[in-house]
Amino acid sequence: MSKISNLNRIRNWVTDKRERVSYASRQEVEAALLSLNQTDLIRLKRIAQLRAAANQPMSWEDLLQEGISRALAGSRKWPSTVPFVAFLAQTMRSIASEELAAQVRRAEIAESDLNRDGGISIDALAVDYASPERRMLSRNLLERVNELFSDDSVALAILTGIAQGHTANEIQRMTGLAKKDFDAAQKRIRRGLLREFGERGQL
Amino acid sequence: MRRSASLDRVGAVVDYLHELVLTAPKAELTHSAQEAPGIAAVIKRLVASGSETKARSSGKSANAADLAARIQVLRRLAAGKPGASPRVALMFRASRKPTREQIDRMISELQRARVSKKAKR
């Protein structure tokens, strides 16, 4: 089969997929929200706490409420193919990310960054946009996570690999970890994290 | 703009932990069950306040629906009277969005014309 007909087949498949995605109505979102069970509620709270820990000063309550409000208002549409909890979790992730972008937009440009014409030099634009507070917060969060698993070298190796942008497979290959050991360490990370949120309410 | 390396690192770790929590088995979350009623109450409140907002906004929709119904009446009346349809069409073409008063005036004009036609009979 020629390359062009293959491309056409892929294009048609993508179009079909897009057309087939339907979105839930407001009533369906309300029904899904009111039927969330205890486990789902705790799961959503933990995800909100985690996102808030990385996105201060936004509290987890604000993040969760904003996610729910957007789902109800329809400004974030729930695709029928996505489980509701995953959809809400993703919505909170987007809100946290928008909030970070807004912080960046609000970031002041120092007078010394302006050139003689009052414009901004390319050098100034290339500088690291994160505020010192945010960099400190990020460092603290990573330190806190590292501290939490300081007595678990395998968990630390996984977290370090993730922080460096590696995939699970790459980390396993680099560290020589068997899949079974990798999965067990992931379980320890998850339990440690959930225990920390359960006991302290934060990281 | 260049992202801070520490932000990139923390972003990757948070996304990873997010996935772990999202896929956590039920048994690992149920020991915090006492926290659930508080979140459920927040959700109930948000759903209830959302319904109130919807009711308020549907007041606006009712207004729009009323206007649409008047336009229907106008078109029906115009269709029953030779020469009225082009006038109505012109009214919509000329001002694009006639006011409620303009529509009502035209309706009463067409109704009067119909009554007088009946009266003549």
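Being a predicted model, the structure only gives us computed values, none of them experimental. Just so it is clear: chains get the letters A, B, ... in the order the sequence lines come, proteins before strands, and each one is counted from 1.
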Exercise. Using a 4.5 Å cut-off on heavy atoms from C-beta on, say whether the side chain of A:L64 contacts that of B:V42.
Key: no
Distance-only donor-acceptor hits, side chain of residues 174-185 of chain A, under 3.5 Å, sequence neighbours excluded:
unit_1	atom_1	unit_2	atom_2	d
A:T175	OG1	A:I171	O	2.6
A:K179	NZ	A:D183	OD2	2.8

Self-check item: Minimum-distance pair of heavy atoms, taken over all atoms of A:L194 and B:A24
Solution: CD1-CB, 4.1 Å
Quiz item: Which heavy atom in A:I42 sits nearest to a heavy atom in B:A36, and how many Å separate them?
Solution: CD1-N, 3.7 Å
Donor-acceptor contacts, no H, no angles, side chain residues 158-166 of chain A, under 3.5 Å, sequence neighbours left out:
unit_1	atom_1	unit_2	atom_2	d
A:T160	OG1	A:L156	O	2.7
A:H166	ND1	A:E170	OE1	3.4

Practice problem: Apply side chain to side chain contact (heavy atoms under 4.5 Å, CB included) to A:L141 and B:V13, showing your working. | Solution: CA-CA 10 Å; A:L141 187 72; B:V13 172; over 6 Å; no
Quiz item: With a 4.5 Å limit on heavy-atom distance, are the side chains of A:Q65 and B:R45 in contact?
Solution: yes
Quiz item: When rounded to the nearest 0.5 angstrom, what is the spacing between OG1 in B:T23 and CZ in A:R190?
Solution: 5.5 Å
Quiz item: Is the number of heavy atoms from other residues, nucleotides or ligands within 6.0 Å of CD (A:Q38) greater than 12?
Solution: no
Quiz item: With no hydrogens and no angle check, is any side-chain donor or acceptor of A:R43 less than 3.5 Å from a backbone partner on B:V21?
Solution: yes
Quiz item: What is the distance from atom CD of A:E30 to atom CG of B:L46, rounded to the nearest 0.5 Å?
Solution: 11.0 Å
Quiz item: About how many Å separate CG of B:L22 and CD of A:Q90, when rounded to the nearest 0.5 Å?
Solution: 9.5 Å
Exercise. Start with the C-alpha distance between A:I189 and B:L20, add both sets of side-chain angles, then the distance that settles side chain to side chain contact (heavy atoms under 4.5 Å, CB included), and finish with yes or no.
Key: CA-CA 8 Å; A:I189 294 173; B:L20 287 187; 3.8 Å; yes
Exercise. For chain B, find which of A:M92, A:R51, A:E61 contributes the most heavy-atom pairs closer than 4.5 angstrom.
Key: A:R51
Practice problem: Give, as side chain, backbone, both or neither, the part of B:S32 having an atom under 4.5 angstrom from any heavy atom of chain A. | Solution: both
Practice problem: Of all the heavy-atom pairs spanning B:V47 and A:R26, show the shortest one and how long it is. | Solution: O-NH2, 4.1 Å
Self-check item: Under 4.5 Å from a heavy atom of chain B, the part of A:L33 involved
Solution: both
Quiz item: Checking A:R195 against chain B: side chain, backbone, both or neither under 4.5 Å from a heavy atom?
Solution: neither
Quiz item: For the atom pair CD (B:E28) and CZ (A:R46), what is the distance rounded to the nearest 0.5 Å?
Solution: 12.0 Å
Quiz item: Got a second to check how far B:H18's NE2 is from A:R93's CZ, nearest 0.5 Å?
Solution: 7.0 Å
Quiz item: Of all of A:N37, A:I68, A:L41, A:V29, which one pairs up most often with chain B through heavy atoms under 4.5 Å apart?
Solution: A:L41
